[in-house]
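Take a look at the structure set out below.
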Amino acid sequence: MPTRPANRAYAAAILNALIIGFSFLFVKIALQTADPLDILAYRFLFAFAAASLFAFPKRSGLRKIRSGALRILPVTIFYPVAFFSLQTFGLLYASSAEAGMIQGAVPVFTLILAGLMLGERSSSMQKVFTLLSVIGVACLFAGREGAAFSASLIGIGLLLGSAFSQAGYNVLARRLSGSYSPKELTYFMNLLGFATFGLLALIRHASAGTLPELAAPLASPSFLAAVLYLGVLSSLATSYLSNYALSRIEASRMSVFGSLSAVVALAAGALLLGEQVGPAALVGAAAILAGVVGSALARRR
């Protein structure tokens, strides 16, 4: 049976999925005012500002980060840098439904990488429930109203790279959890996200001669509210929660909980935006819930 630390880790994983599930609504709000790269720049600006206030790892933690920066760097390159970059450009060549279905492959990628790199050995039942959650994600997005399927090979490749980046982060963060605290990993992740996306946005606007336009979205209250949610909760809080969970439970189990965000996004869209939910989406949501619960309860081999 799960121990008390594992129960807290599962609670963190569930809260992480809830926050991410609602983030899609705020991304839609922010996109009404700014383009994706500017949103990412402001998202991680607020995330790093909040990390400096609430997740600052003290001087001893900063010394550990500086001395082990090269060791932590691959984690932060996988997530948030590669994950968000590949996902953003992948969505230029694919629909959100296709992106959601491909993202559902993260638990499978994590299961494979965790076995190869961490030696995690999952039971047959855990594999079955993991696969069930992946099938559930595919059914959920395929059954959503307006789901369109027209991705090019470039789009599919970029989105697969995004899903692989998420899996790589899960595994590497799990490996580093014995050497660095969740707060230390979270601070470095958001620092690199702020530096990377902020610099890219500055370069893009400077080269186009549109630097004043970079600050223009800040005049919109709805944009400010959206990027505050995306930065403080959907970047800082979720990175801390996932790092905390990965320090206490296997990467392969943690990754399955990410599928819950699709269920939350479905419910939020139906309740707050009036989106229609088809039978296939409901079946997919039920399969995801069954897969998450079954994977959490399945014994390790």
Side-chain angles (χ1 to χ4, degrees), residues 17-50 79-103 140-141 144-152 154-156 158-159 161-163 165-166 190 193-194 196-205 207-208 210-239 261-262 264-276:
L18 287 172
I19 295 172
I20 292 175
F22 281 103
S23 69
F24 297 106
L25 291 174
F26 290 95
V27 169
K28 289 182 179 180
I29 293 172
L31 284 171
Q32 296 174 2
T33 308
D35 63 48
L37 185 56
D38 289 355
I39 292 171
L40 286 172
Y42 280 113
R43 176 177 188 159
F44 283 96
L45 168 64
F46 286 116
F48 179 63
Y79 188 93
V81 176
F83 173 79
F84 282 110
S85 299
L86 292 169
Q87 185 185 72
T88 299
F89 287 102
L91 284 170
L92 296 176
Y93 304 96
S95 68
S96 59
E98 289 161 336
M101 285 189 286
I102 293 174
Q103 191 66 26
L140 187 151
F141 281 98
R144 294 185 70 174
E145 182 186 23
F149 306 95
S150 58
S152 66
I154 294 176
I156 293 172
L158 290 171
L159 292 171
S162 174
S165 298
Q166 177 74 64
N190 286 280
F194 162 63
T196 301
F197 294 115
L199 182 61
L200 287 175
L202 283 172
I203 291 173
R204 185 176 74 86
H205 281 284
S207 62
T210 57
L211 274 177
E213 294 181 10
L214 181 59
L218 296 176
S220 169
S222 62
F223 178 82
L224 276 175
V227 292
L228 277 171
Y229 181 93
L230 294 172
V232 178
L233 289 178
S234 192
S235 294
L236 175 62
T238 57
S239 57
S261 61
V264 177
L266 180 75
L271 296 175
L272 301 179
L273 300 179
E275 295 179 352
Q276 296 297 316

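When reading the values below, keep in mind they use all heavy atoms of this one structure, side chains included, and skip hydrogens, waters and symmetry mates.
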For this session: Dump the intermediate steps for ring-ring contact (aromatic ring centres under 6.0 Å, His included) on F194 and F46, then the final yes or no.
Result: CA-CA 8 Å; F194 162 63; F46 286 116; over 10 Å; no
For this session: Applying side-chain contact (heavy atoms from CB on, under 4.5 Å), run through L224 and L218 and close with a yes or a no.
Result: CA-CA 6 Å; L224 276 175; L218 296 176; 3.7 Å; yes
Problem set entry | Q87/S165 under side-chain contact (heavy atoms from CB on, under 4.5 Å): CA gap, chis, key distance, verdict | CA-CA 10 Å; Q87 185 185 72; S165 298; over 6 Å; no
Exercise. Given F44 and F48, is the ring-ring contact (aromatic ring centres under 6.0 Å, His included) satisfied, shown in steps?
Worked result: CA-CA 6 Å; F44 283 96; F48 179 63; over 10 Å; no
Exercise. What do the steps show when you test F197 against Y42 for ring-ring contact (aromatic ring centres under 6.0 Å, His included), and what is the final call?
Worked result: CA-CA 8 Å; F197 294 115; Y42 280 113; over 10 Å; no
For this session: Given side-chain hydrogen bond (donor to acceptor under 3.5 Å, both in side chains), test T210 with R204 step by step and report yes or no.
Result: CA-CA 8 Å; T210 57; R204 185 176 74 86; 5.9 Å; no
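Shown here are the side chain to side chain donor-acceptor pair (under 3.5 Å) partners of S162, two or more places apart in sequence or in another chain: there are none. Here A50 pairs with F54, V232, L236 under the side-chain contact (heavy atoms from CB on, under 4.5 Å) rule; sequence neighbours left out. For I154, the side-chain contact (heavy atoms from CB on, under 4.5 Å) partners two or more places apart in sequence, or in a different chain, are Y93, S152, L158.
L214 and D38 make their closest contact through CD1-OD1, 3.7 Å (heavy atoms, listed as atom of the first residue, atom of the second, distance). Across every non-hydrogen atom of L18 and Y229, the tightest pair is O-OH, 4.5 Å. Closest of all the heavy-atom pairs between S261 and I20 is CB-CG2, 3.8 Å. Between A163 and I102 the shortest heavy-atom distance is CB-O, 3.8 Å. Considering every non-hydrogen atom in both A41 and G198, the closest pair reads CB-CA, 4.1 Å. When every heavy atom of A34 is checked against every heavy atom of I39, the shortest pair comes out as O-CD1, 3.7 Å.
Using a distance-only test at 3.5 Å, with no hydrogens or angles considered, a donor-acceptor pair links the side chain of R43 to the main chain of S234. Although no hydrogens or angles enter the test, the distance criterion places a donor-acceptor pair under 3.5 Å between the side chain of S235 and the main chain of L230. S220 places a side-chain N or O within donor-acceptor distance of the main-chain N or O of F223, the cut-off being under 3.5 Å.
For the pair L45/V227, no side-chain contact is recorded, criterion being any heavy-atom separation below 4.5 Å from C-beta on.
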